[in-house]
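Hydrogens, waters and symmetry mates are skipped; everything else that's a heavy atom, side chains included, is used. By convention here, the first residue in the shown sequence is residue 1.
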Amino acid sequence: FVLISLLSGGLRSASGTLMVLGLVACFLGDVLGPRSFLAGVACFLIGHLLFIAAFALRRSSVRKGAMVFALFALISVVVLWGLIGRAEGAEKPMAIAYALVISVMVGFAAGTGHLPGGRLITAGAVVFYISDIAVAWWKFVGGDFPYDWICYPLYYGACTMLAFGAGLV
């Protein structure tokens with residue numbers, strides 16, 4: 001997906017460049033995550049912050065973004081309510097920070113829906129969010145199936161949508 005973002009022209013604009021860097025951070029999360037859950041989450045957190053910056057540069061619709069953020073923040077609270085007791089040590093504050101940041105990312109992405117590539121970017125952000133819920137359940141509840149069957153296709157699909165979106169901004 002990093003290569004797709006580069007080949008689709010992601011470096012042609014500041015917003016696209018930030019999206020490419022966000023995808024690189026996600027790639028690093030993929031590499032580091034199996035060795036250290038917290039290092040992987042930190043990379044994804046940085047990636048989402050880069051996506052937020054990219055979407056903010058596009059003059060995202062604040063009203064629409066705030067409404068979508070509120071919805072996804074509420075969903076995050078419900079998900080965390082069921083999972084946070086299973087997290088240990090540094091995983092708890094990291095899970096809370098991550099849920100907040102990814103909810104903000106989805107809100108900012110939704111605020112770009114009216115701009116070129118905005119619908120694809122919004123879809124990618126929402127699918128990324130759903131894949132992360134599957135990862136959280138996988139990590140904190142346990143068992144591979146169905147979480148691994150859900151998170152990987154959704155995650156790589158989301159990254160591919162964001163990669164093509166980087167070239168459209």
S.K.: Where is the tightest heavy-atom contact between Ser15 and Arg58, given as atom of each residue plus distance?
M.R.: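 Closest pair (atom of Ser15, atom of Arg58, distance): OG-CG, 3.2 Å.
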S.K.: Does some side-chain heavy atom of Leu80 sit less than 4.5 Å from a side-chain heavy atom of Tyr98?
M.R.: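 No - every pair of side-chain heavy atoms lies 4.5 Å or more apart.
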S.K.: Indicate the ring-plane relationship of Phe51 and His48, choosing parallel, tilted or perpendicular according to the 30° and 60° boundaries.
M.R.: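 Phe51 vs His48 ring planes: tilted.
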S.K.: Provide the closest heavy-atom pair for Ala163 versus Phe1 in the form atom of the first, atom of the second, distance.
M.R.: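 Residues Ala163 and Phe1, closest heavy atoms: CB-O, 3.2 Å.
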S.K.: Rounded to the nearest 0.5 Å, how far does CG of Leu57 lie from CZ of Phe108?
M.R.: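 The CG atom of Leu57 is 10.5 Å from CZ of Phe108, to the nearest 0.5 Å.
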S.K.: Quick check on side-chain contact (heavy atoms from CB on, under 4.5 Å): which of Phe164, Phe128, Phe27 does Cys159 satisfy it with?
M.R.: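 Considering Phe164, Phe128, Phe27, a side-chain contact (heavy atoms from CB on, under 4.5 Å) with Cys159 is found only for Phe128.
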S.K.: Using atom types as modelled and distance alone, determine if a side-chain donor or acceptor of Ser8 lies under 3.5 Å from a backbone N or O of Ser5.
M.R.: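 Such a contact is found between Ser8 side chain and Ser5 backbone.
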S.K.: Over all heavy atoms of both residues, which pair between Cys151 and Ala134 is shortest? Give the atoms and the distance, please.
M.R.: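 That closest heavy-atom pairing would be CB-CB, 3.7 Å.
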S.K.: For the residue pair Ala125 and Val106, what are the closest heavy atoms and their distance?
M.R.: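 Heavy atoms of Ala125 and Val106 come nearest at O-CG2, 3.6 Å.
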S.K.: Please name the pair of heavy atoms, one in Leu50 and one in Gly22, separated by the smallest distance, quoted to 0.1 Å.
M.R.: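 That closest heavy-atom pairing would be CD1-N, 3.7 Å.
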S.K.: Report whether Ile102 and Ile84 are members of the same hydrophobic cluster (ILVMFWY, side-chain heavy atoms less than 4.5 Å apart, transitive linking).
M.R.: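 No: no chain of side-chain contacts under 4.5 Å links Ile102 to Ile84.
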S.K.: Report yes or no: do Val62 and Leu100 belong to one cluster of Ile/Leu/Val/Met/Phe/Trp/Tyr joined by side chain heavy-atom distances under 4.5 Å?
M.R.: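 No; Leu100 is not reachable from Val62 via cluster members.
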S.K.: How many angstroms lie between atom CZ of Phe44 and atom CG of Asp30, to the nearest 0.5 angstrom?
M.R.: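 Answer for the CZ-CG pair, Phe44 versus Asp30, is 4.5 Å.
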S.K.: Taking the side chain as every heavy atom from C-beta outward, state whether Val135 and Tyr155 have any atom pair closer than 4.5 Å.
M.R.: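 No, too far: nothing below the 4.5 Å cut-off.
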S.K.: Just verifying a value: how many Å separate Ile96 CD1 and Glu91 CD, rounded to the nearest 0.5 Å?
M.R.: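 Ile96 CD1 to Glu91 CD: 12.0 Å, rounded to 0.5 Å.
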S.K.: Which pair of non-hydrogen atoms, one from Ile121 and one from Thr112, has the smallest distance, and what is that distance?
M.R.: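 Minimum heavy-atom separation between Ile121 and Thr112: CG2-OG1, 4.2 Å.
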S.K.: Please say yes or no: joined through hydrophobic side-chain contacts below 4.5 Å, possibly via intermediate residues, are Val77 and Val141 part of one cluster?
M.R.: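 Each belongs to a different hydrophobic cluster.
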S.K.: Does the side chain of Tyr129 reach to within under 4.5 Å of the side chain of Ile75, using non-hydrogen atoms?
M.R.: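 SC-SC contact between Tyr129 and Ile75 confirmed.
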S.K.: Phe72 versus Val126: any side-chain heavy-atom pair under 4.5 Å?
M.R.: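 Yes, at least one pair of side-chain atoms sits under 4.5 Å.
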S.K.: Let me confirm one number: the CG-CG distance from Leu18 to Leu11, rounded to the nearest 0.5 Å.
M.R.: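 So the CG of Leu18 and the CG of Leu11 are separated by 10.5 Å.
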S.K.: Do Tyr156 and Val127 have side chains that approach each other closer than 4.5 Å (heavy atoms only, starting at C-beta)?
M.R.: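 Of all side-chain heavy-atom pairs linking Val127 with Tyr156, none is under 4.5 Å.
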S.K.: May I have the step-by-step check of side-chain contact (heavy atoms from CB on, under 4.5 Å) for Leu45 and Met94, ending in yes or no?
M.R.: CA-CA 9 Å; Leu45 190 66; Met94 183 64 90; 4.1 Å; yes
S.K.: Find out if a path of hydrophobic residues (ILVMFWY) with successive side-chain heavy-atom gaps under 4.5 Å connects Leu21 to Val31.
M.R.: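 No; Val31 is not reachable from Leu21 via cluster members.
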S.K.: Can you check whether Ala56's main-chain N or O pairs, donor with acceptor, with Ser60's side chain at less than 3.5 Å?
M.R.: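 No, because the side chain of Ser60 does not come within donor-acceptor range (under 3.5 Å) of the backbone of Ala56.
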S.K.: Hey, could you give me the CG/CD1 distance between Leu7 and Ile4, rounded to the nearest 0.5 Å?
M.R.: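 Those atoms lie 8.0 Å apart.
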S.K.: Determine, step by step, whether Ile150 and Trp137 satisfy the side-chain contact (heavy atoms from CB on, under 4.5 Å) criterion, reporting the C-alpha distance in whole Å, the side-chain angles of both residues, the deciding distance to 0.1 Å, and the verdict.
M.R.: CA-CA 11 Å; Ile150 295 169; Trp137 278 93; over 6 Å; no
S.K.: Please answer: with hydrophobic residues joined when any side-chain heavy atoms are less than 4.5 Å apart, are Met161 and Leu115 in the same cluster?
M.R.: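 Met161 does not cluster with Leu115.
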